[in-house]
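As a basis for the values below, the full set of heavy atoms in this structure was taken, side chains included, without hydrogen atoms, waters or symmetry mates.
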Amino acid sequence: MNGAALSNRILMLNTLAFMVCFAAWMINGVLVTFLVNNGVFDWSPVQIGWLLGIPVLVGSVSRLPVGILTDKFGGKWVMAAILFFCAIPIFFLSQANGFTSFLLLSFGFGLAGASFAAGVAYTCLWYPQKKQGTALGIFGAGNMGAALTTLLAPITLTKLTNNATDIEGWRTLPKLYAALLVLMGIIFLLGTKHKVPQVSKTLRQRLSPLKESRVWRFGLYYFLVFGSFVALAQWLIPYYVNVYSLSIVSAGFMATAFSLPAGIVRAAGGWLADKVGARMVLIRVLAICLVCMIFLFIPRMEIQAPGQGVMANKPGIVNSVSSNEIVVGKDTYFLQSKTGDSSEVTIRFGIHHDQEGFLFLPTTTFHQVPNVKKGDEVMKGELLARGVTRIYFQANKWIFSSLVFIIGIMMGVGGSAVYKYISDYYSANVGTVGGIVGVLGGLGGFFGPIVFGYLLKVTGIWTSCWMFLAALAIICIVLGRLAIRDIVNKSN
């Protein structure tokens with residue numbers, strides 16, 4: 001087999017292995033939700049949060065040591081070891097009967113998330129530097145494993161439990177995942193070839209790039225484009241449920257529409273980074289994300305504000321008061337009533353929310369409410385009725401979803417650009433540098449929902465998450481511009 005064919009085969013198997021690992025890494029998101037919703041376990045929101053977050057955290061912090069091990073022992077053995085090892089805790093997840101056992105086993109299979117660091121270092125060894133961006137982009141498409149779990153695991157659980165009538169059938173799902181990991185491990189060992197970097201380095205030499213600010217800047221970029229992507233993939237489900245009143249199933253499909261394309265376009269992102277440079281791609285990705293996030297700032301809202309009232313033209317006694325008019329002495333003052341049906345249950349601000357159609361701009365309604373009662377004595381210029389203006393902004397879900405879709409695609413492209421950066425600057429140390437960058441990116445996926453939840457609690461506004469991400473994007477853009485300026489100054 002010629003060199004190109006071997007490289008392409010290894011890239012394909014590497015990508016498939018990463019996809020399987022990523023799918024297993026995300027299993028708790030579906031499984032825990034299913035078990036709690038069907039009353040199998042009575043876990044609190046805090047316990048659920050730990051079960052969802054622990055695999056992400058373990059997979060993130062283990063990326064650096066896994067990257068170092070890959071540079072030393074080779075991606076073939078490290079990736080295969082991850083596949084076989086993670087199959088064990090996933091299999092025993094089928095025997096778990098409580099929170100503690102679930103948590104400990106989640107620690108074990110959380111290592112699947114570190115497969116990214118092994119795969120990145122292994123992939124770079126098989127391609128020249130000018131093609132590494134494209135190769136890493138194709139490999140990065142393996143994060144579609146998360147979307148595959150989101151789509152297929154609920155359907156599989158429904159069949160295994162016979163529509164939740166035989167609830168113990170859920171225990172077969174972890175066994176299927178374990179079997180898939182073992183099968184992929186066998187195929188990976190048989191189809192790949194051992195290879196390590198030509199230059200042997202000590203541990204201190206491998207870790208030396210971590211002293212450079214550039215590495216941590218790359219980590220911040222990845223915290224945004226990958227960590228925030230993982231965080232949003234989880235956060236968008238409650239977002240759609242609470243803001244747009246979608247069912248959990250519909251919200252899951254909408255969240256999948258965000259995450260699936262991002263994995264697909266990573267290959268295109270790597271190709272672009274090879275053609276025009278990682279710096280050019282990343283700056284534009286960040287700028288587009290920032291613009292979309294700014295458009296998402298304005299929340300779906302219903303605001304009541306003071307409007308134009310009715311004042312008495314002369315003094316007198318109020319003879320009668322109704323919703324349509326106020327009579328003072330011999331003068332009648334007509335009031336503007338609410339638009340449409342006044343039912344507060346079916347209509348909000350004169351707008352039927354279940355049949356509101358496509359509202360792009362904010363809509364307003366206005367009415368006047370009596371401020372006096374029969375028998376009151378009023379003076380000239382006194383307020384008889386106060387004006388009430390109500391503003392409703394739909395934040396149309398299709399416009400919202402379109403902007404989120406663009407952000408997801410840009411994050412996928414940006415993830416490839418970051419690792420092209422790494423291969424450009426640290427071609428002989430991709431495992432270590434890619435590991436620490438992967439750690440920071442994974443931590444973004446772990447801490448992102450926590451930060452979003454805190455901001456929601458403090459502000460009461462769901463769109464506060466976009467404000468946080470926009471601020472982070474601005475910081476990344478500024479740091480990128482400063483780095484470009486330093487390069488230009490040094491070249492002069």
Side-chain angles (χ1 to χ4, degrees), residues 60 137 140 143 213-236 239 255 258-259 261-263 265-266 268-270 272-273 276-299 395 399-422 437-456 458-459 461-487:
S60 301
N143 65 16
S213 61
R214 179 192 293 124
V215 173
W216 298 96
R217 188 174 73 250
F218 293 166
L220 182 61
Y221 295 156
Y222 206 59
F223 185 97
L224 176 62
V225 296
F226 177 75
S228 298
F229 166 78
V230 173
L232 287 171
Q234 303 175 71
W235 187 251
L236 282 174
Y239 195 112
F258 160 78
S259 58
V265 301
R266 285 197 69 146
L272 277 174
V276 302
R279 182 178 294 108
M280 189 73 70
V281 171
L282 191 60
I283 288 294
R284 280 161 174 70
V285 161
L286 294 174
I288 293 172
C289 284
L290 178 60
V291 171
C292 291
M293 290 168 185
I294 290 174
F295 278 114
L296 294 172
F297 279 6
I298 305 174
I399 297 176
F400 171 84
S401 299
S402 297
L403 292 171
V404 169
F405 180 79
I406 293 171
I407 290 173
I409 289 178
M410 289 299 103
M411 286 181 170
V413 173
S416 295
V418 171
Y419 272 84
K420 173 59 177 173
Y421 251 139
I422 295 172
V437 170
V439 167
L440 294 174
L443 289 177
F446 176 73
F447 287 110
I450 298 174
V451 174
F452 297 163
Y454 176 78
L455 290 173
L456 176 61
V458 171
T459 65
I461 300 174
W462 278 91
T463 58
S464 55
C465 64
W466 304 115
M467 300 175 191
F468 168 75
L469 293 178
L472 192 59
I474 291 173
I475 294 172
C476 290
I477 291 172
V478 171
L479 291 176
R481 290 296 183 186
L482 291 175
I484 293 173
R485 188 186 66 182
D486 289 343
I487 292 173

Indicate yes or no for a side-chain donor-acceptor contact from Ser464 to the backbone of Ile461 under 3.5 Å, with no hydrogens or angles considered.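 Flag set: sc Ser464 to bb Ile461 pair under 3.5 Å.
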
Test your reading of the model: is there a side-chain donor-acceptor pair from Ser416 to the backbone of Gly269, 3.5 Å cut-off?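 It does not hold such a pair.
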
For Trp235 together with Phe452, are the ring centres under 6.0 Å from each other?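 Ring centroids of Phe452 and Trp235 are less than 6.0 Å from each other.
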
Roughly how far, to the nearest 0.5 Å, is [atom2] of [Y] from [atom1] of [X]?
X	Y	atom1	atom2	answer
Thr459	Met467	OG1	CE	7.0 Å
Ile283	Ile477	CD1	CD1	6.5 Å
Met411	Cys289	CE	SG	5.0 Å
Leu224	Cys476	CG	SG	5.0 Å
Ser213	Leu479	OG	CG	9.5 Å
Ile288	Ile409	CD1	CD1	10.0 Å

Worked check of side chain to side chain contact (heavy atoms under 4.5 Å, CB included) between Ile407 and Leu296: CA-CA 11 Å; Ile407 290 173; Leu296 294 172; 3.8 Å; yes

Determine the minimum heavy-atom distance between [X] and [Y], stating which atoms define it.
X	Y	result
Ala231	Gly444	CB-O, 4.0 Å
Cys292	Leu403	SG-CD2, 4.1 Å
Met410	Val285	O-CG1, 3.1 Å
Ala417	Val281	CB-CG1, 3.9 Å
Met293	Ala470	SD-N, 3.6 Å
Leu443	Phe223	C-CE1, 4.0 Å

Please state whether the rings of Phe226 and Tyr222 are parallel, tilted or perpendicular, taking 30° and 60° as the class boundaries.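 The arrangement is parallel - the two ring planes meet at less than 30°.
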
Tell me whether the count of non-hydrogen atoms from other residues, nucleotides or ligands lying under 6.0 Å of [atom1] in [X] goes above 12.
X	atom1	answer
Arg214	CZ	yes
Tyr454	OH	no
Arg284	CZ	no

Tell me, do [X] and [Y] make a side-chain contact under 4.5 Å, heavy atoms counted?
X	Y	result
Leu440	Tyr221	no
Thr463	Phe297	no
Leu469	Leu290	no

Only one of Phe405, Tyr239, Phe400, Phe229 passes ring pair (Phe, Tyr, Trp, His ring centres under 6.0 Å) with Phe258; say which it is.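 That would be Phe229; it is the only one of Phe405, Tyr239, Phe400, Phe229 passing the ring pair (Phe, Tyr, Trp, His ring centres under 6.0 Å) with Phe258.
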
